[in-house]
Amino acid sequence: MKKLVVLSGAGMSAESGVSTFRGAGGLWDKYPVEQVATPEGYAADPGLVINFYNERRRQLLKVEPNRGHELIAELEKEFDVTVVTQNIDNLHERAGSSKIIHLHGELTKVCSSFSPYDPRYIRELDPEEYEIKLGNLAPDGSQYRPYIVWFGEAVPKIEEAIRSVEQADIFLIIGTSMNVYPAAGLLNYVSSRTPVYLIDPNEVSVNSNGHKIHVIRKVASEGMEELTTLLTAK
Ligand code: APR
């Protein structure tokens, strides 16, 4: 089976009703990124940050995967698919994708404030526990914090993502403005023989590093319909 690696971003979930980050009406317009998505912001006001992610978790209960997520999951019938996502929602898994690397963490998990990546303290929350409060402690005695990679923090899953991207026979970029590194740099690890597709309704400026990119200028669901036809045409 050929290996298809997908790099997804916030636009993947836009049709499900999850806001993107950049551009008019994006999340970073409403919430200052340095307050809610940096270790300094968390140190200054942990309650505010915890509530911001409580709100994102509540939203998760109201949204569903869209046709784009479903079509990526369906491609597993024909390809060995790995999804490398920058998204913290769980819509790829709910659509049925089985191999997902969450580069920027997961909304449904919490971790220790002292050692965020220590697997002993990473906990998956049940939906009825989605409201984390100040005073909810990890077993190491620290406040439970959102299991999210904030700006300025290391991205521990990047090595695993690179290994996967290096082996891709087909690479797909979908719904990301390619503004945030190291995720945006993953294209540099794609073999020069590997076809690269990009699905986005808007123009995305990509440092293509010599790759010829097949651009499908459509929203995720429609773009995935087109790509599925292209990839599965016999
Ligand atoms: N279908 C596909 N793409 C879409 C859609 C849609 N329906 N709607 C918008 N887009 C595209 C936008 O044109 C844009 O290129 O999705 C992209 C969203 O870009 P960003 O908001 O910058 O999101 P992303 O690239 O995922 O951000 C990366 O930045 O703030 C951090 O940690 C956060 O993981 C996030 C990272």
Side-chain angles (χ1 to χ4, degrees), residues 5-42 49 52-53 55-57 59-60 63-72 83-92 95 100-109 111 116 145-158 161 171-187 196-208 213-228:
V5 178
V6 180
L7 172 63
S8 70
M12 182 81 234
S13 300
E15 289 165 84
S16 297
V18 181
S19 330
T20 58
F21 295 99
R22 296 174 180 77
L27 266 185
W28 298 152
D29 263 1
K30 287 212 305 228
Y31 304 88
V33 59
E34 51 297 333
Q35 266 177 30
V36 298
T38 61
E40 294 78 14
Y42 180 62
V49 176
F52 172 77
Y53 290 97
E55 219 177 286
R56 311 267 77 72
R57 257 183 237 111
Q59 187 187 35
L60 217 50
V63 299
E64 298 290 336
N66 63 60
R67 188 74 189 127
H69 295 105
E70 286 167 9
L71 286 167
I72 289 175
V83 179
V84 178
T85 187
Q86 299 167 83
N87 298 345
I88 58 176
D89 64 49
N90 57 4
L91 296 179
H92 280 297
I100 304 165
I101 300 174
H102 276 280
L103 280 182
H104 294 165
E106 292 172 71
L107 257 184
T108 56
K109 293 181 179 169
C111 59
R145 65 162 253 190
Y147 178 58
I148 304 292
V149 175
W150 287 322
F151 285 96
E153 294 191 308
V155 180
K157 296 263 165 87
I158 196 70
F171 188 61
L172 165 64
I173 300 166
I174 179 165
T176 170
S177 62
M178 298 292 269
N179 265 300
V180 172
Y181 284 79
L186 284 171
L187 184 56
V196 177
Y197 296 88
L198 185 150
I199 298 174
D200 202 295
N202 300 303
E203 193 175 348
V204 179
S205 125
V206 186
N207 180 356
S208 66
I213 300 181
H214 181 139
V215 177
I216 301 176
R217 182 79 70 93
K218 290 187 171 169
V219 293
S221 60
E222 292 170 16
M224 278 308 301
E225 300 281 3
E226 183 168 328
L227 182 70
T228 302

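Counting starts at 1 for both ligands and their atoms, following the listed order. For reference, positions follow the sequence shown, starting with 1.
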| said: Quick one, Y31 with E55, criterion side-chain contact (heavy atoms from CB on, under 4.5 Å). Give me CA distance, side-chain angles, the key distance, then yes/no. | reply: CA-CA 12 Å; Y31 304 88; E55 219 177 286; 2.9 Å; yes
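- Given atom 11 (C) of ligand 1, the protein heavy atom at minimum distance is D200 OD2, 3.2 Å.
- For atom 5 (C) of ligand 1, the nearest protein heavy atom (residue, atom name, distance) is G11 O, 3.6 Å.
- Interface of F21 with ligand 1, defined as ligand atoms under 4.0 Å from a residue heavy atom, comprises 21 (O), 23 (O), 27 (O), 30 (O), 33 (C), 35 (C).
- With 3.5 Å as the limit, one finds no donor-acceptor pair spanning the side chains of T108 and N90.
- Shown in contact with P201 at under 4.0 Å from a heavy atom are these atoms of ligand 1, numbered in order with element: 1 (N), 2 (C), 3 (N), 4 (C), 5 (C), 10 (N).
- Between V219 and ligand 1, a contact under 3.5 Å exists for no N or O pair.
- In the vicinity of G9, heavy-atom distances shorter than 4.0 Å reach the ligand 1 atoms 26 (O).
- Counting protein heavy atoms only, atom 17 (C) of ligand 1 is closest to G175 O, 3.4 Å.
- Considering only non-hydrogen protein atoms, atom 25 (O) of ligand 1 sits nearest to T176 OG1, 2.7 Å.
- Within the 4.0 Å heavy-atom criterion, the part of A14 lying near ligand 1 is the side chain and not the backbone.
- Heavy atoms of Q86 found under 4.0 angstrom from ligand 1 belong to the backbone as well as the side chain.
- On a distance-only criterion, K218 and ligand 1 share no N/O pair closer than 3.5 Å.
- Of the protein's non-hydrogen atoms, A220 N, 2.9 Å is the one closest to atom 1 (N) of ligand 1.
- Among all heavy-atom pairs drawn from A183 and L7, the shortest one is O-CD2, 3.8 Å.
- Contact atoms of ligand 1 toward N202: 12 (C), 13 (O) (distance under 4.0 Å to a heavy atom of the residue).
- Annotation for N87 and S8: closest pair ND2-OG, 4.2 Å, computed over non-hydrogen atoms.
- For the atom pair CG of L227 and CD1 of I199, the computed distance is 5.0 Å after rounding to the nearest 0.5 Å.
- The ring pair (Phe, Tyr, Trp, His ring centres under 6.0 Å) search around H102 returns none, not counting sequence neighbours.
- The single protein non-hydrogen atom nearest to atom 30 (O) of ligand 1 is W28 NE1, 2.7 Å, given as residue, atom name and distance.
- Here the protein heavy atom with the shortest distance to atom 34 (O) of ligand 1 is H104 ND1, 2.8 Å.
- Taking all atoms of both residues into account, the shortest heavy-atom contact from S16 to E64 is OG-O, 2.7 Å.
- Cation-pi geometry between R56 and F52 is met: the NZ or CZ atom falls under 6.0 Å from the ring centre, inside 45° of the normal.
- In the vicinity of A10, heavy-atom distances shorter than 4.0 Å reach the ligand 1 atoms 23 (O), 24 (P), 26 (O).
- Only the side chain of V180 comes within 4.0 Å of ligand 1, counting heavy atoms alone; its backbone N, CA, C and O stay farther away.
- Among protein heavy atoms, atom 31 (C) of ligand 1 sits closest to F151 CZ, 3.5 Å.
- The shortest heavy-atom contact between L107 and R57 is O-NE, 2.7 Å.
- Ion pairing of E153 with R145 is present here, as a side-chain N (NZ or NE/NH1/NH2) and a carboxylate O approach within less than 4.0 Å.
- Scanning both residues, Q59 and S19, for their nearest heavy atoms gives NE2-N, 4.4 Å.
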